Each structure stands twice: as structure tokens, then as C-alpha cells.
Participant: 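There's a structure below that I have some questions on.
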Protein chains: 6
Amino acid sequence: MLQPGWEAIIDLALAEDIGTGDVTTLATVPASTRARGVLLAKAEGVVSGLDVARAVFQRVDTAITFEAFAADGEAVVAGVELGQVVGSARSLLTAERTALNLLQRLSGVATATARHLAAVAGTNARIIDTRKTTPGLRALEKAAVRHGGGANHRFSLADGVLIKDNHLAAIGTPDRVTRAVRQARALAPHTLRIEVEVTTLAELDEALTAGADIVLLDNMDIEQMRKAVRRTANRALLEASGGVTLDRLRAIAETGVDLISVGALTHSAPALDISFDLALDSSRGRTED
Amino acid sequence: MLQPGWEAIIDLALAEDIGTGDVTTLATVPASTRARGVLLAKAEGVVSGLDVARAVFQRVDTAITFEAFAADGEAVVAGVELGQVVGSARSLLTAERTALNLLQRLSGVATATARHLAAVAGTNARIIDTRKTTPGLRALEKAAVRHGGGANHRFSLADGVLIKDNHLAAIGTPDRVTRAVRQARALAPHTLRIEVEVTTLAELDEALTAGADIVLLDNMDIEQMRKAVRRTANRALLEASGGVTLDRLRAIAETGVDLISVGALTHSAPALDISFDLALDSSRGRTED
Amino acid sequence: MLQPGWEAIIDLALAEDIGTGDVTTLATVPASTRARGVLLAKAEGVVSGLDVARAVFQRVDTAITFEAFAADGEAVVAGVELGQVVGSARSLLTAERTALNLLQRLSGVATATARHLAAVAGTNARIIDTRKTTPGLRALEKAAVRHGGGANHRFSLADGVLIKDNHLAAIGTPDRVTRAVRQARALAPHTLRIEVEVTTLAELDEALTAGADIVLLDNMDIEQMRKAVRRTANRALLEASGGVTLDRLRAIAETGVDLISVGALTHSAPALDISFDLALDSSRGRTED
Amino acid sequence: MLQPGWEAIIDLALAEDIGTGDVTTLATVPASTRARGVLLAKAEGVVSGLDVARAVFQRVDTAITFEAFAADGEAVVAGVELGQVVGSARSLLTAERTALNLLQRLSGVATATARHLAAVAGTNARIIDTRKTTPGLRALEKAAVRHGGGANHRFSLADGVLIKDNHLAAIGTPDRVTRAVRQARALAPHTLRIEVEVTTLAELDEALTAGADIVLLDNMDIEQMRKAVRRTANRALLEASGGVTLDRLRAIAETGVDLISVGALTHSAPALDISFDLALDSSRGRTED
Amino acid sequence: MLQPGWEAIIDLALAEDIGTGDVTTLATVPASTRARGVLLAKAEGVVSGLDVARAVFQRVDTAITFEAFAADGEAVVAGVELGQVVGSARSLLTAERTALNLLQRLSGVATATARHLAAVAGTNARIIDTRKTTPGLRALEKAAVRHGGGANHRFSLADGVLIKDNHLAAIGTPDRVTRAVRQARALAPHTLRIEVEVTTLAELDEALTAGADIVLLDNMDIEQMRKAVRRTANRALLEASGGVTLDRLRAIAETGVDLISVGALTHSAPALDISFDLALDSSRGRTED
Amino acid sequence: MLQPGWEAIIDLALAEDIGTGDVTTLATVPASTRARGVLLAKAEGVVSGLDVARAVFQRVDTAITFEAFAADGEAVVAGVELGQVVGSARSLLTAERTALNLLQRLSGVATATARHLAAVAGTNARIIDTRKTTPGLRALEKAAVRHGGGANHRFSLADGVLIKDNHLAAIGTPDRVTRAVRQARALAPHTLRIEVEVTTLAELDEALTAGADIVLLDNMDIEQMRKAVRRTANRALLEASGGVTLDRLRAIAETGVDLISVGALTHSAPALDISFDLALDSSRGRTED
């Protein structure tokens, strides 16, 4: 099935990595050599990107077969084989790095998300991502967050209304929160909820009175958030954002906020270590030219 | 000047972030509002991506002016203003996240590189990157490594010969190192040096005898690397690779290897924290439609 | 400012219309001839697409100047000059048809929308569009609806949850409405409201109980809609859809529904008649090559 | 077979409709559900676009099977099933609207064309389209005109010479018709006929003397056209254009003109009403990922 | 003005030549160096491609100024300066090869065409090109043929009807010429003339009887062509094609055929030798980044 | 397997040749006709481009089968069948010219290369290409050179360091050769050798002292080249370039230079004459729509 956001980044990634051609492979490996490559986890984590890796290999060579031994979203430990690819050795060698770069990065995002989820286990808070994703990888990283157990904030500026501090600064009037919420309600499609960012409890009150559906509490301390939850009394969803670190996460969740958004899930997650090990394939198979 | 690899990723990043349009901004900020936004470092590090950020803002609106207060490659501390943009408030708000996502990530890469450079100060080792870059951002991240003081390994499979373990596995014969080096010499353009990966000192000897220009020492311990340097006696460049962590880096450099390649510079560098703060702009200026 | 959805369709439209070049113009009109062209309304209606027309002319030749005499969203009568373009006669002749095709179609959509708006004047119903837009013109036609006074339903499958009859059929269980609303609530970003399509009052009840934010009343008669409004009692927004014709519109609005969606605004609006009349331009001006 | 003009518009249409993904379907319909969808005519007309609809469904999911029960160009009445698609329910739901938008619009064009054809039955006049097509859909709408029984005027500015009033205005001299026809003959490829637009019988005479192959009679009344036919005496083809409405069509045809061009076939044809009804598919089948 | 067919090939050519960046120039020439480069003819010929070369330089760097000293279509001798470019030395060095590759090839085509024109001087025959152009350069090479004094055959399969031997073979019936001409007349747009290829005088007769507008005489000898001209008696245009070499050209033209098509103008013309010589530029000027 | 540089140029070539559709074929050949076409060498030469031709036919119609009777790199004489294609007659006729244009041009390059190779048989000189390739066809022509027995110089500005006269002019200092070689060594990736162009023996000495890996001898006469070889004494590779004609080639090779680069291999090779002959196919087969 067509996957929005896959084709463009896979083509771009392969183009920048292959350039005018893989000179090493063409010079050293005969066209007729067939091989089998294994994707092997070298560290503990949650897998994401196996379907993307498959798409990379098959974009390079439609005759490559890809068999997944794990599923996106699955927790694995070091030593687990995630899947294998079989086909022309040249094709495997040419596709390997791009496939791994995607798989390792996305698994890194899923793994980081899972760690955050674990920290809030038993609370009602939902861990959500932000728009601080890697340029070009938005759709893939949002899926990786889901694979790690998290939920998604809006995908783009078009599918969610979030009135931020900079919008309020650009309005500039004292009643800017009220004005912004009302204008958004009047002009945005009726399918969208209205979310607004506040930094004080007074602004929270203004947002609630103006009819905001969701309020983002920016960089509040634990005590402020607790008060915000009480004061809101379920009239709106509350999203905690800013300064969210793993060690502070549980305390935030226990304030009763509905959502905690974490930019680091996507902008600073280290890659998960995964290797690709090739061996000659003795089985017979067709080689596409 | 045309920057290879910029246009495609900037267009892709803006497309995925803006989607069908920035509903919040269109609903809440009048078309005539003009604003000034400041890029502010919130942590210590090395800047990279200011020119890219400028390109993002001007792709969104050619009438935006961008003034850099720092230069790519410059070390900054928290609180330093990196630059300012002035123009239509709507345009600034729509471009902000994509510009920041790039600037923060690239500055993260430059910052990580600078830390590695500091660790080997005074030795002859050159810190180089790998092809473990973010898909779509190869050219930008390679530049960020240079901004951080590092040097670049090959950009793509087309501009360097590097015979790796998987190539050797695909050849499979006992003389695979010799055979691969000779074939590469015969078939690759004469402008390229021949590099081969080895895991033992015996393989290193074979590589040197076969005439390799560069030998990659894969996952060797310090003692093995020291021996490799002695045995090679400047007949080839030596690149240390695999298992390179920041705390082991100086010891590796002191073995006398010429190059140390570090995948983490690009695949696991946390983003540098940079904010974008908007204020109304009272100065007069033209607004492009 | 970057307009999402403009560049691709303008390039596609110009490419299909110009092909390998405008042979007639190249053969008959000297390169040095300068001309002035006037866009003239030939019928009464609401204008939409002047900015798009400008973009078309300037994509063909950046040296063309375009001056609008009317604004998108303005009501005009036959004989009103909407704007003028001045520049190389060759450029004007080559761009003319593509600019007009867009301007006439979009003005047709705005005009049809304004007629629907007039029919519900004084009621609380909002006239909204659908996804039944011209392929490739989604963003432009959604803007034309706004120019005509209407509001937009969601832009794409990504920025609104609308559970339709075919989704319910694909679920298939007796509790399909409840199940679908709950799953959507659990899995969709929190920024989106949940809308579900129903065909009976019983289904409406089920949707309300399940917590739907918006209910689409599909092809209900006036009496059913009136009952739906009463029964809903503001617990959700109600959207009337299906079989909405201009002569039935007021009666529908008077039932008290909040939204009336009309596919014909975009799939069947006749083009507004607008001509482009050229005359030699005696004023001096630069001609871009 | 490669269909010029299909890939770009289908990709653009799917991209704008799917955006970052079909949230409703992903949230409510399991990946394993298979369904069957039927395309059903809800009004009388001529079908066009079934092959395009097939291409849309298979672009979304190559595993979808599409069976047409009617052929492009076939006349149908309300209630006729035009075809069925079978496959993953998610894929069908995601592709449905784009496929329908194209099929309904193209069938609308074919239906409008057939009505015009019926009006001139028994005369020698050929009903032809214009370049007043929907931006991006030129090739598809030109095919729809043929499906409705009409013929095509030129596809683009490159494949026909048509000297229009605006060209003549840009030449400006008293002998502009003669000059334009001769220049076009001298400079255009020899494979193209020369057509020129005239508004008076005097200009017609000039065009014939200059050697025009085809003369477009712009906005002439019936009597003038009759005279034009007599005066031309088969020295050139005559095309009636401008102010062509369905009720005036037969009278125009009976003047003896060879061609009647009708912009409304493509710029103002209402869509043909066609529905897509889904049901669970109990048969076994492979689901592509 | 937008030039159909320029942007895509210029972008493709620059992309394949620059790859990930011009390492030599970046390493050896400072960013601040400004230079002046001169395009110098090293052989006698006709120039074509100066406007294209300008577009290449300015695609690389919008701040480059390009001054042409000759015009496309002008005959030059060795030693003539064709133009100069001034700007950032880096930009000039990076753009140089792509600009020259286009300029030399197109000037080669124009030069070859001019030689063919000279050979038929004083006859009525028109020298025309074919579709045997360089893939991707169709529009540019067709313009180069005009610059050399030749005329263009159709640009693509869409803007001319030419029934060739392989079409006739695919029809297969004894009356294939008649049938093909009539079908083309009935189905092709009325703006196109009908041309058919024949190999014998009997087929020529059949083509004329069927009403062909143009007949292509394939590989006929001089005597046959002379007979064909007599027999046709201006009922159709005659195009000589196949086995047309420069030394046979005048004899062919003197048979009285109207058109002589020569594939070698585009598929085998040697490049015209043109050099690009750089010098430091002492004048002050702005350098775009 | 994905072939870098194929998709873009094949798509561009087909788009420019097919335009809005092959009117001749659509009008004269029924959709159901199947045919067989044979690619036939009409002159002696070396074949290159059969795989590309296959890709062209299958891009037009995936149901076409292509059987090669020769291999790229094979020497053939006039009359040899190179391959056959079977499928829909319409598809074959539409794809024919683009496939032939590529096959003939690439075989022309391979043939020219083979002639140059023959001239240096028995010497140690390697015949190499340049960047003077056809815009858009770099990768294909570089492969054709290999098919003809030659070797490749760098593919792009990114995969080789070659300091040319214009770089030296842009540096401008007396020690420009030394400076350029050292800067390149310091800043270019370690995988690249450093090549520098010289015009005198004094410059050669400077280059060798500076540590150049390869020296390009520009336009030297035979005697100078002989001296250069002696003086270099294998401290660097020597490349002869400029003024290399086929009749001078052997003498150049016998000076002992390592490499001789020849721009004419790609910028001035005449196309190899190859025809495509169609016949009706009586065998049964599926026709893709």
C-alpha cells in the first residue's frame, strides 16, 4: 500500500548515497554472485523501520526477497536477528547503508519512546511527539513513536490548531489569548480542536473561558501543573510541554495532565545499533538485471 | 550559489511541515503584521546551518531578510543571539519550525564533532565522519562535521573505494583481500585511492602487499592498532573504525593512526537547543504577497 | 509567500498547455513587441484566482507586471476590469489560456458558493465544501469557497476524522458506530475532533452516546433533520450532507443544523466567463529574455 | 501502456487527498480486512475514466484487482454497475475519493459531449473541444471528449497553429491576417495546418487569399456563417466558435461549417453522479503490505 | 521567458556534473575570489546555445553576469570571443563544464545544419531535422537547427502525423496506405496534416489518391525522386529521407522535392570547439552566497 | 537493479518524444495488434545500450518482452540482429525512436572508444574519457566507454580532484601549483588522489615536488611528453590530454604516459546505424492495457 512520505525520502537517500554508482561493489563483486544478509540487533531496544528497510532494498532491486523475523514495535535484545534479505550480492551491498541508516534511526526513536512510556506506566498521561522531527522523516518518525507505544501530536501545520507563544506575540493585544482562540474557532475547519499555549494560570483561565479545547502548559513547574489540572476540571485537555526530561517525567504525569509532549523522542534519540552481515548464498534464485 | 543537496531536502521538509497550509497562523495573524524573530542559543556548542536556515525562510517568503550574527563553525554559549529574521509574521511563523529543526540538528552534529576534536588535540589523528548520516541530509551533515573541525570521509559510494567486510564475504576466496584490491585498482577511476577494511594484522599485511592506499582497521584494540601502525610504516594511511567512543578516542589517536571515523557524529548527536522568539516589528517594510 | 499546492499545478498546467513551445506566437509575434492585456468579467459573479493568475503570468516571464483592479472574494458584474498585465506580447500570449482557465474555474466556484450563502442568509448554518474537488486543485478550490463566503471542511484524509458509511461497512459489527468512534478517539491525534456519518436517528443516538464531536446526517429528509437537531441538543455539531440542492438549501438550514456540505460547489460549478483582451503597449519597459 | 499525462495528475491528486495519511481508516479498519467496492451510476450518461480509476486504485495498492463492467465511451443509465474493486479495505477507502473525483468529472465531460453530438446528428459538423480544460487534466478530458463522440482540437500550443484575435492585435498592421498566415506557413513545421481567427467576412476573404488551411469564425451569427460557408467554397475548413450554446448548436451545424468548438464541454460540465459502495469481502485473497 | 525543455535538462546536467559538490574548487579557490571568464571560438562555425549557457551559469549562481558578444545563429571564425561571464570564481568554475558541453554540442548542430544549407543554396528544398535528437535535448537541438538556417520537422509524436513503414507493417493489409491515411484524417485533430512514408512510386500514387498532404520518399534514388516530383504535380509536399549525405544533397534538392530531412544534423554532428578562459577580476562586485 | 542516472533521462526522453500522445499510432494501429520488432545493426561497431533500450520499452509498456541477441560491449558487423521486442504494436511504435536514439548514440560512443583502443594496442596507455559528455547522459556514456574497452576518468566534480588551468588562474600566485596541491590534500576526503594540470616541464617539477598523485600534461608535444615521463620516473601517474586525435594517438601512447583522455569519445562520436523493423506477431500473448 502507498505509504505517504516514503517514496520521496527513500529516493533522496538512495540518490545521495549511491551517487553515480557503487564503484567498490561493481569493481570487486561479480554480477552473478548471490548473497544472504542478516539484520542483527546489537543492543536492546524497540524495532521500527523493518517495512521501510524492505522498501529500500526492493527499490534498489525488485528481485530481492526480504523476510522479517521481528515486527515493527517489537522489543528485542542484543543478538536477535531482525530479518534477512536474499538476492544479488551487488544489490544488497549497494542498498545496505541506506536501509540501515533508516532502520537504526527509527528504532532509536521507538526505543526512546518506549523508555518514556515505561516511566509513566500506571498514570493516565499519554506520551506524544512534536514537530521537532528530522526534516524529510516526519511520517516515518511519527510511526516510530507509535511503535514505541507513544501517540502522535499533529503531523503538520495543516492538521491541528496550536496557537503558540509566537502567535500570541504577533497578535500583541492584551486579549490575545481570547482573540486567537475565537478567530481559530471561526476560521479553522470544524474538524479541528483548538489548542493554545499558556505560561501562567491566568492565561489558562483566559483560554478556558475563551473555549479552548486543549491547553498547552509551557514550561510550568510541577506545582503549577497540579493547580492547572484542578482549575481546568476536565473542561479541556492539558498538555505539558517544555523541559520534559526522563527523570522528571513521572512527576509530571502524576500531576494529572492528559498529554506530555517530548521533542527529544525525535530530535535527540541515539540510533539503535544494528548490523548487516553478508554471506554467500548457495541456494539458486533468479537475479534481476 | 547552488548548494548540492539543499533544495530537495528543504522542499521536502517544508512540504511535510506545512501540508495544505498553516491553519493556525492564517486564522490568528493578519496578513499585514510584520515581525522580527531572533534565533537564540540556549546551550553551549558550535553553530552549523545558519545558511540553511536562511534558505528555508527565503524559500517560504523571498521578502524575508535574514541577518546572521554568528558564522557556521563558530563556538557559542547559551544566551548568544545567532541571527535575526524580519518580515511578514505569517511567513516567519510558517517557516520557523523547519528552519529550527535543521539548525538545531546540524549544530548538534558540529558540537559533537568539536568535542571529539578536543579529545585528540595535539595528536596527528584526523576525526572523520562516515556514511551513517541522516537520510536526505548527507551534504548538510558533512558540512556540519567540517564546521565542527572534522574532516569528511567519502560522500557516497561513487567517490571513494572502500572494500568492506561484506564485500570480502561476497568474494569468498582465501585471497579475497588481494583480489579485491587489485580489481578495484584495475576498474575504478584512477582518481580514487583504494581503501580496504581488515580485522587482523595478517589481513593488514595482505592489504599492504596488494598495494592498498588506505587500510581501515576494524574494531581493533589499542595494542593491535599500535602494532598496525608500526608494521605499516607509512606505506598506507590507517583508519581506525568501530567501537570508537569519546573516552577511548585519545588512546586511539595516540597509537599513531591517521584517521579515526566516528559514526556517532551524525547518527546519534543530540540536537543543540536553539529557540526562536518573535516580536512585533515596528519598522516599515515591504511584504511580499 | 509560499502557497502550498500552487507550484505543482501551475507547472503541470503550463507544461501541458505549452508543450514544446507556442508555435503560433513564435512565428507571428516579434520578440520585441510589448503589450497590455486586460482581464474583463463578462458575467456577474465573485472573483477568485487573481493571485493565482498573477503567479501563472510571472512563472512564464518574471518581467511581466500584473496589476489587480479587484480582490479575490469581490463581487463583480459584467464589464468590470479585474486586472491588467503588461509585458512581452509573446509571454502574455503564451500564459493567457492557463491563467484564464484557473481564474474562470475558481471564480466559478466562488460564485456558486456565494449563491448558496445567499440562500441561507439569516440562519446559523455554515455552508462548507467537501473533498469532491478537482484533482490537483484542492487548495485553490478550497480558497475559492472561502472567497465565496463559505467555510472549509477538512482538506485531506489527514486533517480530519470522518467515519463514513464505507468505514462502518468495513467494520461490519452491530456496534460499529460505537466501536469506530472509540477507536478513532484512542488512535487519532488529540487535535482532531471525531465525526461520524449516520443515516438514522438510532445511529445518531449511538454516535452521541459514543462521544462523537460531530455527526454527519446523510441524506435525511427535513423532518428527520429537525428531529436530529432536537435530539442532539448541542451535544455535537450536526452536518447535513447528501441531496443538497440550491432550492432545498434554506429549508435544510432552518432545521437548525450547524453545517451543510455541498459537493456541487466544486464538482459542478460552471466557469465564470472572463476574457483577456490584448493591445499593443506603447509605454517603454524592459523585456526579460 | 504509459499514458501521457496520467502519472503526474494521479500522484498530485493522491498526495493532496491523502496528505500524511488517512487517519480515519487507519484508526477504525483493521489492516487485515478485505472488501469489495462497487462503482454504481446514479444518473444517465456516458462513462469516461474507468481506466484512470483503475490506475488510481492500483497506485494506492498494487494488489487491488479492478474489474470493469462497462467501457469508456459506453452510455449507461442510473443503477448500472460500472465496475468493482477488490482488495484491502484500507486501500479501497483511501483511494476511493480520488478515483471517484476523476471518474465523475470525466464522465461528466463525456456526457456533455454526447448531448452536443446528439444535437447535430445528421449534419456534417464535427463537435470539437478547446484548450479550456481543467488545469492538469488536459489529456484526460480530451479523451473524455472522444469517449462522448466528439473530436479533439489541438492539445497544446505546440501541436497546432491557431492565430487568434490577440495575436492579430499584437501584430497591429492593417495586413495582419495576411502577414500572420504567411509567417506561420514559413516558420511552423510543415506538418501543421495554418488556422486563423476572423470576425468579419472581409477578414475571411483575406485569410483565404493568404492561404489559410482553416478559418475560425468568431462569434458570427447564423447568417454570417452561412455566407462564410458559401464564400469559402471548400477552400478551407471552417470552425464556428464563440457563443455556442446547446440550443443554438443545430442551427450552427446546418450552416455547413465543418467544425464547432465548444469550451463548455470541459469548463462547465457538471460531474456525473457515481457512488462507491463497500461491502466486506468473504473470498480469500492476498493482501499486499 | 519560460523556455520549454530547458529547466529539466539543465538541472539534470548540473546534478550529474556537480554531484555532492566541486571538491577541487572548494579546496583551492577562496570564496571571495572574483573572476572573469571568456567563451572563445576555437574553430569556424555557427553559434547556438549562448542563451542556454547563460541559464546554466545563472542557475549555479544568480549573481553571475553574462554578456553575449555574439548571437545564436551567428557565423563565427576561430578566435572570436562569444561572450563573457563575471562573478564568483567558485561559481564560474563549477558551472563551466556544463555550460560548455551544451554550447559546444548545440553549436555543432547549428554548424552542421549551415553546411547542409549551403549545399542546397539556390534550390527550393528546405533542410529539416528529424526526431533523431539527443535524448533530453530535443527542444535545444531543434532550436540549433533553426539557428543553422534549417527548419523543423515535428517536435514529438503528438504534433505531427507521420505514418511510417512500421505503422504500415502493423496494419498489414494490401490497402494499408489508403487505410492509414483515411484513419489518420478521421481521428487526428484537424490542425494536423497527414504525412505518409512510401518506398515505391506505386505507393506514392496510392498515398496521393488517399489524400495525403505530405509524402515521405524513403531511400529513393535520384531518378525515382524526380519521377515522384513529376507525378505528384504539387498535390502534396514531398520529403526526401534516408541515405541523405552531404555530397548527395544538392542532387536530391535539384529533383524538386520540397523537404529533405537529415538525421545526422542532430545524431552525428561533432561538437564545435569552444574554450573557456578564466582570469582574476579586479573590478568590484557583489558576490552572492 | 537500480541504475543511477537511467530513470531521469529515460523519463525525460520519453516525455519529450511522446508529448501528449502518439497521434499517428493511435489513429492507425488497433489496440489489439501485436507485433515483433527486430533491432538490426546496419554498420560495423561495438554495441552499447541494449539494457537501456530494454528499460525504455518496458517503461512504455511493462508487458513488452525484450530479448537481447548480443551483449553490451560486443563487436558486431552490419546485418547482425541485436535483439527483438515483442508486444503491443502500439507500445512498440511509441517507444521505438527513444530506444533507438539511446542505443545508436551509446553504440557510437562504444565504437569510437574501441577504435581508439585499437590504436594503442600493445602499449601501456589507458584510454579514458572526460566530463565532455552529453548533458543528461553522463552515466550512460561512461558505461559505453567501458563497453568499448576504455576506462573512466572521474564521473563528476565530486569524485576526483583535478586542479585545472582555470583553478590555477583563479589562485593567481606564482606558487599556485604548490599551493593548490597542498590545499587539496588538506581539504579533500582522504579517499581521493590529487591530480593537477600542467603545461610545462617546470610546472611538472613543481607538481611532483608538491606531492601530486597524478599530473595532467596539457597539450604537450610528443617530445615534451617523453621528457615528462622520464622526469617523473613513476612518482606520479601521467595523463596526456588536449589535441588528442586518432592518428596521433599511438605516438602519444608510446611516450610512456599512463593515461590518455579523449573528449571526442563522447562529444563527437557519430551514432552507430541501427534499424528497428516491425512485423505482425502471430503468436498469442497478453497485452497490458
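In what follows, chains carry the letters A, B, and so on, assigned in the order in which the sequence lines appear, proteins first and then strands, with residues in each chain numbered from 1. The structure presented is a predicted model; accordingly, all values stated were derived computationally and were not measured.
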Participant: With a 4.5 angstrom heavy-atom cut-off, which part of L259(B) approaches chain F: side chain, backbone, both or neither?
Facilitator: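 Contact with chain F: side chain only.
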Participant: Contact part of L162(F) toward chain B, heavy-atom cut-off under 4.5 Å: side chain, backbone, both or neither?
Facilitator: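 No part of L162(F) comes within 4.5 Å of chain B.
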Participant: Between D213(F) and chain B, which part of the residue has a heavy atom less than 4.5 Å away: side chain, backbone, both or neither?
Facilitator: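 D213(F) touches chain B through side-chain heavy atoms alone.
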Participant: Taking all atoms of both residues into account, what is the closest heavy-atom pair of V46(B) and G148(B), and its distance?
Facilitator: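 Closest heavy-atom pair between V46(B) and G148(B): CG1-CA, 4.4 Å.
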Participant: Can you give me the closest heavy-atom contact between G243(F) and N219(F), atom names plus distance?
Facilitator: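 Looking at all heavy atoms of both residues, the shortest contact is N-OD1, 3.6 Å.
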Participant: Within a radius of less than 6.0 Å around CZ of R185(F), do more than 12 heavy atoms belonging to other residues, nucleotides or ligands occur?
Facilitator: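 Counting neighbours around CZ of R185(F), more than 12 heavy atoms of other residues, nucleotides or ligands fall under 6.0 Å, so yes.
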Participant: Quick one: does L204(B)'s side chain get under 4.5 Å of L238(B)'s, heavy atoms only?
Facilitator: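 Yes, their side chains come closer than 4.5 Å.
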Participant: Quick one: which residues of residues 125-132 of chain B reach chain F at under 4.5 angstrom, heavy atoms only?
Facilitator: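 Interface residues of residues 125-132 of chain B: R126(B), I128(B).
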Participant: Indicate yes or no: at least one non-hydrogen side-chain atom of V109(F) is less than 4.5 angstrom from one of L140(F).
Facilitator: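 Heavy-atom side-chain distance check fails, nothing below 4.5 Å.
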Participant: Hey, could you give me each pair passing side-chain hydrogen bond (donor to acceptor under 3.5 Å, both in side chains) that has a residue in residues 110-120 of chain F? Not counting sequence neighbours.
Facilitator: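 Listed once each, the pairs would be none.
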Participant: Do T191(B) and V161(F) have side chains that approach each other closer than 4.5 Å (heavy atoms only, starting at C-beta)?
Facilitator: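 Counting from C-beta outward, T191(B) and V161(F) never come under 4.5 Å.
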Participant: With a 4.5 angstrom heavy-atom cut-off, is it the side chain or the backbone of L192(F) that approaches chain B, or both, or neither?
Facilitator: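 Both parts, backbone and side chain.
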Participant: Do you know the tightest heavy-atom contact between E141(F) and R105(F)?
Facilitator: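 Closest approach of E141(F) to R105(F): OE2-CD, 4.0 Å.
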